[in-house]
Asks: 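Input: one structure, supplied below.
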Amino acid sequence: MISINDKNISQIEDLFKEKSYQKFRAKQVFHNIHVNRINDFEGMTDLPLKMREELKKDFKIDSVKLLETFSSKLDSTKKYLLELDDKNIIEAVYMDYKDRSTICISSQVGCRMGCTFCASTKNGLVRNMTASELIEEVYLLERLNGPISNIVIMGIGEPLDNFTNIEKFIEIITDPKGRNLSHRSITLSTSGLVPQIYKLADTKLDVNLAVSLHYADDKKRAKFMPIAKKYSIDQLIKATDYYFDQTGRRVSFEYVVIDKVNNLDEDVENLHDLLFGKNVHINLIPLNPIEEFKHDKPKMSALDEFKNKLSRRGLNATIRKSMGQDIDASCGQLRNNYAR
C-alpha cells in the first residue's frame, strides 16, 4: 500500500487521477492530514463514504502508537515511548518553555554513529524512519499536547544518515497549504556527516543546523566519535561555513561537557582557534550519564567556569538548561530500558 501522508498535493493529485477521483479531493485529503491532523480515512467526513472505503484499500497513513508517557516532576518535560507499525520502538520528548513549546523527535530506529557517550547507538541501527512516520510522530505529539512551535530533530538516530526521508519530511511539514511550520522553527542535529551538510545547504531548505562537536581536537574527538575518523574537524568547519554562506543561518555547535575530559584549558584554546570570529554559537550541554559511559555529570560550577573561559576568549557560549533529569532524558535510555 502507498503511504499518503508524505505526499504533497500535486503528488496526491497524480495518484488520484489514476483512480479517477476529482482533482479537488487531493486538497481535501492533504488538508485533513496536515491541518486537521486526522490520521485515518474514516475521520475525513468531507469525503464521500464510498471514496473513504476505497482509500482504505489503496492507501495508508503510517501510524505511530503511544506506548508509555513519562512526565518529569521537576519541570514540564514529557518523554514518550512510541511504537511504529512494525513494532520497533522510538522516543520523543515534549518541552514546554514560557515562550515556546518544543518537541525533539527521532529520525531512525537506533543509530550507527557509535558515539561512546550516547545511549541511542548502543544497539546499532535497525532502520531509517520514513517521512510519513516522521510526520505522524509530530502530529501524534500535537494531538497529545496541542500545537508546537519548534521541532528539533535530535532524538534517536542521525538525521543526515536518513537524508532522503528528512528532506521529504521538511518539505511537507513546512508546506504553506498544510502544517506550514517555518523553516526557522526546525533544528537538525548532526554528528558531522560532511558531504550531507553540503547537500543540505544546496537544498535551500534553510533549517537551523546544530553540529555535535564535543571536542575541538581531532585525536580526542576520534576517540569518542567514530565519525571523526572519516571527517576531520577542519573538513567539518569548512562544511558549516558553506552552510552559513548558502543559508544565512548561524550554525550551533553542540558541546557535551565531560568534566576533566573536554573542558580543559587546552580545549578552550582549541575552540578559540577553531571558531573565533565566526558567526556561530556554542551550546554547552552537561553530560547525561549512561551506564555504558562511566563519567559523572559535571557540577554546575565546572560548567560555569568553562563557559566563562570561552566568553573571555570572545566566543559566544551558553549552557543548555537540563530538562527531564528524573525521566532518563538522554536519547535512547528509555528505549534501551524497555528492550531489556
Side-chain angles (χ1 to χ4, degrees), residues 1-7 29 32-34 36-43 55-71 78-95 102-113 118-145 148 151-173 178-179 181 186 188-190 324 327-340:
M1 295 179 75
I2 300 172
S3 296
I4 202 167
N5 57 324
D6 63 355
K7 306 291 187 294
V29 169
N32 274 314
I33 294 172
H34 300 287
N36 298 334
R37 314 289 196 277
I38 295 173
N39 65 339
D40 65 87
F41 296 115
E42 198 62 44
L55 286 172
K56 286 191 287 186
K57 295 176 183 178
D58 297 323
F59 303 101
K60 66 175 181 173
I61 300 172
D62 285 324
S63 66
V64 177
K65 176 184 175 183
L66 176 63
L67 276 185
E68 198 164 352
T69 302
F70 301 83
S71 298
K78 297 175 186 175
K79 191 156 190 179
Y80 302 99
L81 270 180
L82 307 175
E83 184 180 71
L84 306 177
D85 283 337
D86 62 0
K87 305 302 180 183
N88 272 306
I89 308 299
I90 59 167
E91 297 176 14
V93 183
Y94 172 82
M95 295 161 286
T102 298
I103 58 173
C104 180
I105 63 171
S106 295
S107 58
Q108 295 179 307
V109 181
C111 181
R112 62 176 175 174
M113 294 299 106
C118 180
S120 299
T121 194
K122 296 308 173 186
N123 296 311
L125 176 66
V126 178
R127 68 170 176 86
N128 287 327
M129 289 179 63
T130 65
S132 54
E133 288 172 331
L134 289 162
I135 290 164
E136 180 58 19
E137 185 181 2
V138 172
Y139 293 168
L140 172 60
L141 266 63
E142 290 199 308
R143 293 185 204 107
L144 294 170
N145 298 291
I148 56 92
I151 295 174
V152 181
I153 313 172
M154 198 183 288
I156 295 172
E158 162 57 66
L160 293 186
D161 193 33
N162 186 15
F163 192 95
T164 300
N165 286 305
I166 288 294
E167 182 180 18
K168 187 187 294 186
F169 163 74
I170 294 171
E171 289 173 346
I172 293 294
I173 209 81
R179 177 59 182 81
L181 190 70
I186 300 174
L188 183 151
S189 175
T190 177
I327 51 171
D328 286 338
S330 228
C331 295
Q333 284 181 293
L334 290 177
R335 175 176 174 264
N336 291 350
N337 291 343
Y338 184 85
R340 283 195 289 265

Asks: Kindly say whether E91 contributes a backbone atom to a donor-acceptor pair with the side chain of S106 at under 3.5 angstrom?
Replies: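 Yes, because the side chain of S106 sits within donor-acceptor range (under 3.5 Å) of the backbone of E91.
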Asks: Between atom CD1 of I33 and atom CD1 of I38, what is the distance when rounded to the nearest 0.5 Å?
Replies: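 The distance works out to 9.0 Å.
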Asks: Evaluate the criterion side chain to side chain contact (heavy atoms under 4.5 Å, CB included) for residue pair F169 and M129; output intermediate values, then yes/no.
Replies: CA-CA 10 Å; F169 163 74; M129 289 179 63; over 6 Å; no
Asks: Less than 3.5 Å apart, any donor N or O on the side chain of N88 or E83 sitting next to an acceptor on the other?
Replies: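 E83 and N88 do not have a side-chain donor-acceptor pair below 3.5 Å.
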Asks: Mind checking the CD1-CD1 spacing from I153 to I105? Nearest 0.5 Å is all I need.
Replies: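 That separation rounds to 5.0 Å.
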Asks: Start with the C-alpha distance between V109 and L84, add both sets of side-chain angles, then the distance that settles side chain to side chain contact (heavy atoms under 4.5 Å, CB included), and finish with yes or no.
Replies: CA-CA 10 Å; V109 181; L84 306 177; 3.8 Å; yes
Asks: To the nearest 0.5 Å, tell me how far I89 CD1 sits from L82 CG.
Replies: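 Reported value, rounded in 0.5 Å steps: 8.5 Å.
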Asks: Looking at E136 and R143, does any basic side-chain N land under 4.0 Å from a carboxylate oxygen?
Replies: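 R143 and E136: salt-bridged.
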Asks: Shortest non-hydrogen contact from A131 to N165?
Replies: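 Closest pair (atom of A131, atom of N165, distance): N-OD1, 3.3 Å.
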Asks: Any carboxylate oxygen within less than 4.0 angstrom of a Lys/Arg side-chain nitrogen, looking at K60 and D85?
Replies: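 Judged by the 4.0 Å cut-off on N to carboxylate O distance, K60 and D85 do not form a salt bridge.
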Asks: Are L125 and C111 close enough, and set up right, to give a side chain to side chain contact (heavy atoms under 4.5 Å, CB included), and what steps lead you there?
Replies: CA-CA 4 Å; L125 176 66; C111 181; 5.6 Å; no
Asks: What's the separation between atom NZ in K56 and atom CE in M1, rounded to the nearest 0.5 Å?
Replies: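 Here the rounded value is 10.5 Å.
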Asks: Would you check if the side chain of D6 reaches a backbone N or O of K168 as a donor-acceptor pair within less than 3.5 Å?
Replies: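 It does not hold such a pair.
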Asks: Let me confirm one number: the OG-CD distance from S63 to E133, rounded to the nearest 0.5 Å.
Replies: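 One gets 8.5 Å once the value is rounded to the nearest 0.5 Å.
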Asks: Report the distance from atom CD1 of I170 to atom CD1 of I135, rounding to the nearest 0.5 Å.
Replies: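 Separation between the atoms: 11.0 Å.
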Asks: Using side-chain heavy atoms (C-beta onward) and a distance below 4.5 Å, is I2 in contact with D58?
Replies: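 Result no, sub-4.5 Å side-chain heavy-atom pair not found.
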Asks: Within a strict 4.5 Å, meaning less than it, do heavy atoms of the I166 and L160 side chains meet?
Replies: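 Counting from C-beta outward, I166 and L160 never come under 4.5 Å.
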Asks: Measuring only between side-chain heavy atoms, which start at C-beta, is I103 closer than 4.5 Å to V93?
Replies: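 No, their side chains stay 4.5 Å or more apart.
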Asks: For the backbone of M154 and the side chain of S189, can you confirm whether one donor and one acceptor N or O come within less than 3.5 Å of each other?
Replies: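 Side chain of S189 to backbone of M154, a donor-acceptor pair under 3.5 Å: no, none is there.
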Asks: Check whether any side-chain heavy atom of Y80 lies under 4.5 Å from a side-chain heavy atom of L66, and answer yes or no.
Replies: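 Counting from C-beta outward, Y80 and L66 do come under 4.5 Å.
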Asks: Please indicate whether K65 has more than 12 foreign heavy atoms, meaning atoms of other residues, nucleotides or ligands, lying under 6.0 Å from its NZ.
Replies: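 Counting other residues, nucleotides and ligands, NZ of K65 stays at 12 neighbours or fewer.
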Asks: Any salt bridge linking E158 with R112? Criterion: basic side-chain nitrogen under 4.0 Å from a carboxylate oxygen.
Replies: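 A salt bridge is absent here (no side-chain N lies under 4.0 Å from a carboxylate O).
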Asks: Run L141 and I148 through side chain to side chain contact (heavy atoms under 4.5 Å, CB included) and show every step you take.
Replies: CA-CA 8 Å; L141 266 63; I148 56 92; 5.7 Å; no
Asks: Under 4.0 Å between a side-chain nitrogen and a carboxylate oxygen: does that hold for K7 and E171?
Replies: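 Salt bridge absent between K7 and E171.
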Asks: Consider only side-chain N and O atoms of N162 and Q108, and report whether a donor and an acceptor are under 3.5 Å apart.
Replies: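 Note: N162 and Q108 side chains miss the donor-acceptor criterion.
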Asks: On a heavy-atom basis, which atom in H34 and which in N5 lie closest, and how many Å separate them?
Replies: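 What the structure gives for the nearest pair is CE1-O, 3.1 Å.
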